Amino acid sequence: MEGDFTGKDVYGKHFSPKDYLKMYYSFSKEDGSQEDALLNFYLQKFHKTFTVDGVKGDTLIDIGSGPTIYQFLSSCGSFREIIATDYTDQNREEIKRWLKKDPDAFDWSQALKYVCELEGDREKWVEKGEKVRSTIRRVLKCDVTQVNPLAPLVVAQASCVTSALCLEAACKDLTAYHAALRNIGSLVKPGGHLVLLVALGGNFYMAGEQMFFCLYLEKETVDSAVTEAGFDILWSEEAKNSYSPTYSDCKNVYFLVAQKRIKV
Ligand SMILES: C[C@](O)(C/N=c1/sc2cccc3c2n1CCC3)C(=O)N1CCN(c2cccc3cnccc23)CC1
């Protein structure tokens, strides 16, 4: 299967949010496991972007949210409205379960506590959860291979677009990757921000027993695609040796913040 692109239909049929969440986002009991370190890296970089560096605005659109909400824990205090999106119904349903406090929704309390600790008060994690729930206003279908990824909806350009671990799974080759970056970049207003979390140097990742395609990307490839999509890269950071081989052959994870050039 390695190397065969995983089409959108396969995601709809075979992507199990529950398996995926258990594999990647269950803080293990003994601290310092590889997966904890990886999630902590993501949470630290979102904290730096939104809480420390002060990226903020009216609307934030998250592209390819998957079944997760960790990516909103820092941005929920910096935007009036967050729009979560994903291609597959089951991922959007998983997010809605958490928003409604459904008893069998995934437990994000460990991640909530970790971000509250970064913000200086670990006890505020329940309020943080309510803040995330009140800020995520819509959960929409997206398809990054479409010129308008939110079609048929037409949504006003956003102050910020974030996308974590999505494009490398959704794009079958570099041409598609460049096009997808242009597509999601069109959702950002001039002067607005694009925040990417990218898995580098791998061909697949696991979710439960299923193997899914990952486009092999290097840091330089991502940087040039972001620049060509009309953005200036403000800063970026690579975490080496991030993935345990059980889950993916990806080597590193890459966090990048860019700003959309204002055409003069
Ligand atoms: C984010 C995610 O959780 C996937 N997570 C993870 S964990 C991990 C660990 C190591 C490597 C990698 C990795 N990845 C994906 C990237 C590679 C998810 O569920 N995804 C992303 C991809 N997505 C789409 C598929 C097909 C077409 C799409 C069209 N438009 C929009 C989205 C589309 C479906 C939902």
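Both counts, for ligands and for their atoms, begin at 1 and track the order of listing. What's counted below: heavy atoms across the whole structure, side chains too, no hydrogens, waters or symmetry copies. Quick caveat, the model's predicted, so the values are computed rather than measured.
Applying the salt bridge (charged side-chain N to carboxylate O under 4.0 Å, His left out) rule to Arg182 yields no partners; only residues at least two apart in sequence or on another chain are considered. Residues that satisfy the side chain to side chain contact (heavy atoms under 4.5 Å, CB included) test with Leu99, not counting sequence neighbours, are Ile95, Arg133, Ile136, Val139.
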Once you restrict both partners to nitrogen or oxygen, which atoms of ligand 1 have a protein partner under 3.5 Å, and how far apart are they?
| residue | atom | partner | partner atom | Å |
| --- | --- | --- | --- | --- |
| ligand 1 | 3 (O) | Tyr20 | OH | 2.8 |
| ligand 1 | 5 (N) | Tyr20 | OH | 2.8 |
| ligand 1 | 19 (O) | Asn91 | ND2 | 3.3 |
| ligand 1 | 30 (N) | Val144 | N | 3.0 |

Identify every side-chain donor-acceptor pair in residues 186-200 under 3.5 Å, counting partners at least two apart or on other chains, and give the distances.
| residue | atom | partner | partner atom | Å |
| --- | --- | --- | --- | --- |
| Ser186 | OG | Asn183 | O | 2.6 |

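Taking the charged nitrogens against the carboxylate oxygens, Lys124 and Glu127 have no contact shorter than 4.0 Å, which rules out a salt bridge. Ionic pairing of Lys219 and Glu237 is not present here: no N-O contact between side-chain nitrogen and carboxylate oxygen is shorter than 4.0 angstrom.
Between the side chains of Thr6 and Tyr11, no donor-acceptor pair is found at a separation under 3.5 Å.
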